[in-house]
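Note that the structure is predicted; figures quoted are calculated from it, not measured.
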Amino acid sequence: KMLGRMKVLDDSRNEFVSNVSHELKTPLTSMKVLADSLLIQEDVPAELYKEFMGDLSEEIERENKIINDLLSLVKMDKTANTLNIKSENMNVLIEKILKRLRPIAATRNIELVLESFRPVTAEIDEMKMSLALTNLVENAIKYNKDDGWVHVSLNADHKNCYIEVADSGIGIPEGAIEHVFERFYRVDKSHSREIGGTGLGLAIARSAVVMHRGAVRVYSQVDAGTTFTVRIPLTYVS
Ligand code: ADP
């Protein structure tokens, strides 16, 4: 039985490593093609050089994003028992996150509002919880439509804190919903690539929420929008 479990762990680790390698190779392949095609040509016009260098720079940025997300994910795993728990004002924390993301939402005229039902204090690791909530709100903006909205709400009862991130975006097809938290999973690989997604954001978010002994759920309807709900206990029990 023990050996069986080790085998399962080993298989999922192998799958993860093979996914990581694949994801990291894709931008590298593009960079190689771009560089080589410039190298084999004689007398390349300056404009073409510029264009290719721009493309190269984009691929480097993408590689960088994947590596950063991977590092966040690994950090979540490693420090699972070393959370830096402090009592935090959730209203302030969420308002800070929204303030940072508002300029991005504004470029597509997306309305980003917070509805606070009450003052909420919770025992959390601020960095990790911020990363989780940032990823959810970022997605709500990324997978939205121009002139759309993102509504974030914060509430609590005597035991738990509830955060909801609802958007008026493109939605998630029914068959994809159960997969969105998987590492590297993207509903639309090409579209998501354009938007710049790595497929790791929700895996990171869930990891952080679960470390706080909370839960995250998703409800969605194609072309109507998506709602992510997060529940976190107000007091952390290790
Ligand atoms: P990505 O880096 O691609 O955004 P995530 O792990 O954050 O990766 O999300 C996984 C996939 O789930 C995304 O590629 C997207 O297809 C889908 N998704 C996530 N959030 C939303 C949302 N708010 N609306 C629609 N689709 C979403």
What heavy-atom pair brings Gly148 and Ser168 nearest, and what distance separates the two atoms? CA-OG, 3.3 Å
Check whether Asn160 reaches the backbone of Arg231 with its side chain - one donor and one acceptor, N or O, closer than 3.5 Å. no
Taken to the nearest 0.5 Å, the spacing of Ser153 OG from Glu164 CD works out to 4.5 Å
How about Leu83 and Tyr236: do any of their side-chain heavy atoms sit closer than 4.5 Å? yes
Looking at Ser220 and Gly225, what are the two nearest heavy atoms and their distance? OG-O, 3.2 Å
Say whether, by atom type as modelled, one donor and one acceptor occur between the side chain of Thr226 and the main chain of Gly169 under 3.5 angstrom. no
How about Tyr162 and Asp157: does a side-chain donor come under 3.5 Å of a side-chain acceptor? yes
Within a strict 4.5 Å, meaning less than it, do heavy atoms of the Asp125 and His212 side chains meet? yes
Any chance the side chains of Asn144 and Asp167 put a donor and an acceptor closer than 3.5 Å? no
Keeping to residues at least two apart or across chains, list the ring-ring contact (aromatic ring centres under 6.0 Å, His included) pairs with something in residues 22-75. none
Nearest 0.5 angstrom please: Lys75 NZ to Leu73 CG, how far? 12.0 Å
If we ignore hydrogens and angles and just use 3.5 Å, is the side chain of Arg108 paired with the main-chain N or O of Ile141 as donor and acceptor? yes
For the CD atom on Gln41, are there more than 12 heavy atoms of other groups (residues, nucleotides or ligands in this structure) within a distance under 6.0 Å? yes
Derivation of the side chain to side chain contact (heavy atoms under 4.5 Å, CB included) call for Ile204 and Asp69: CA-CA 8 Å; Ile204 292 169; Asp69 277 0; 4.2 Å; yes
What distance separates Leu48 CG from Met53 CE, expressed to the nearest 0.5 Å? 10.5 Å
Might you point out which heavy atoms bring Ile40 and Ser37 nearest each other, and give the distance in Å? CG1-O, 3.7 Å
Check whether any side-chain heavy atom of Leu101 sits under 4.5 Å from a side-chain heavy atom of Ile97, and report yes or no. yes
Answer with yes or no whether the hydrophobic clustering places Val150 together with Ile104; edges join I, L, V, M, F, W, Y residues whose side-chain heavy atoms lie under 4.5 Å apart. yes
Roughly how far apart are Glu51 CD and Leu38 CG, rounded to 0.5 Å? 9.5 Å
Within 45° cone of Phe16 ring axis and under 6.0 Å: Arg183 NZ or CZ: yes
Is Arg102 salt-bridged to Glu95, going by a charged N under 4.0 Å from an acidic O? yes
Going by atom types only, do Asn89 and Thr121 share a side-chain donor-acceptor pair under 3.5 Å? no
Donor-acceptor check, side chain of Lys145 to backbone of Asp223, threshold 3.5 angstrom: yes or no? yes
Quick one: do Val218 and Met129 end up in the same hydrophobic cluster if we chain Ile, Leu, Val, Met, Phe, Trp and Tyr together by side-chain heavy atoms under 4.5 Å apart? yes
Test: Asp36 and Lys32 ion pair at under 4.0 Å: yes
Apply salt bridge (Lys or Arg N to Asp or Glu O under 4.0 Å) to Glu23 and list each qualifying residue two or more places apart in sequence or on a separate chain. Arg186, Lys189
How about Met90 and Ile163: do any of their side-chain heavy atoms sit closer than 4.5 Å? yes
Does Arg206 come within less than 4.0 Å of Glu182, counting only side-chain N to carboxylate O? no
Hphob cluster co-occupancy, Val230 + Phe181, side-chain heavy atoms under 4.5 angstrom: yes
Okay, side chain of Ser116, backbone of Arg118: is any donor-acceptor separation there less than 3.5 Å? no
Short side-chain to backbone donor-acceptor contact, Asn91 and Val120, under 3.5 Å: yes
State, yes or no, whether a side-chain contact exists between Asn64 and Arg62 at a heavy-atom distance under 4.5 Å. no
Between Leu133 and Asn135, does a side chain to side chain contact (heavy atoms under 4.5 Å, CB included) hold up when you go through it step by step? CA-CA 5 Å; Leu133 297 176; Asn135 283 347; over 6 Å; no
CD1-CZ distance between Ile172 and Phe228, expressed to the nearest 0.5 angstrom: 4.5 Å
Minimum heavy-atom separation for Thr198 and Phe184, please, with both atom names. O-CD2, 3.5 Å
Can you confirm whether Asp147 sits close enough to Ile110 that some side-chain heavy atom of one is under 4.5 Å from a side-chain heavy atom of the other? no
Can you find a pair of side-chain heavy atoms, one from Val222 and one from Ile170, that are under 4.5 Å apart? no
Could you walk me through whether Met31 and Glu63 satisfy the side chain to side chain contact (heavy atoms under 4.5 Å, CB included) test, starting with their C-alpha distance in whole Å, then the side-chain angles of each, then the deciding distance to 0.1 Å, before giving a yes or no? CA-CA 10 Å; Met31 288 185 241; Glu63 189 89 53; 3.6 Å; yes
If hydrophobic clusters are built by linking Ile, Leu, Val, Met, Phe, Trp and Tyr wherever their side-chain heavy atoms come under 4.5 Å apart, do Leu34 and Val44 end up in the same one? yes
If you round to the nearest 0.5 Å, how far is CD of Glu58 from CD1 of Ile60? 10.5 Å
Shortest non-hydrogen separation from Ser30 to Glu59 and the atoms involved: CB-CD, 3.6 Å
Do Val20 and Leu71 share a hydrophobic cluster, counting only Ile, Leu, Val, Met, Phe, Trp and Tyr and linking them when any side-chain heavy atoms are less than 4.5 Å apart? yes
Residue pair Met76 / Leu131, side-chain heavy-atom distance below 4.5 Å: yes
Under 3.5 Å: donor-acceptor pair, side chain of Thr134, backbone of Ser130: yes
Applying side chain to side chain contact (heavy atoms under 4.5 Å, CB included) to Lys86 and Asn84, what does each step give before you reach the verdict? CA-CA 7 Å; Lys86 287 205 180 74; Asn84 181 18; 3.5 Å; yes
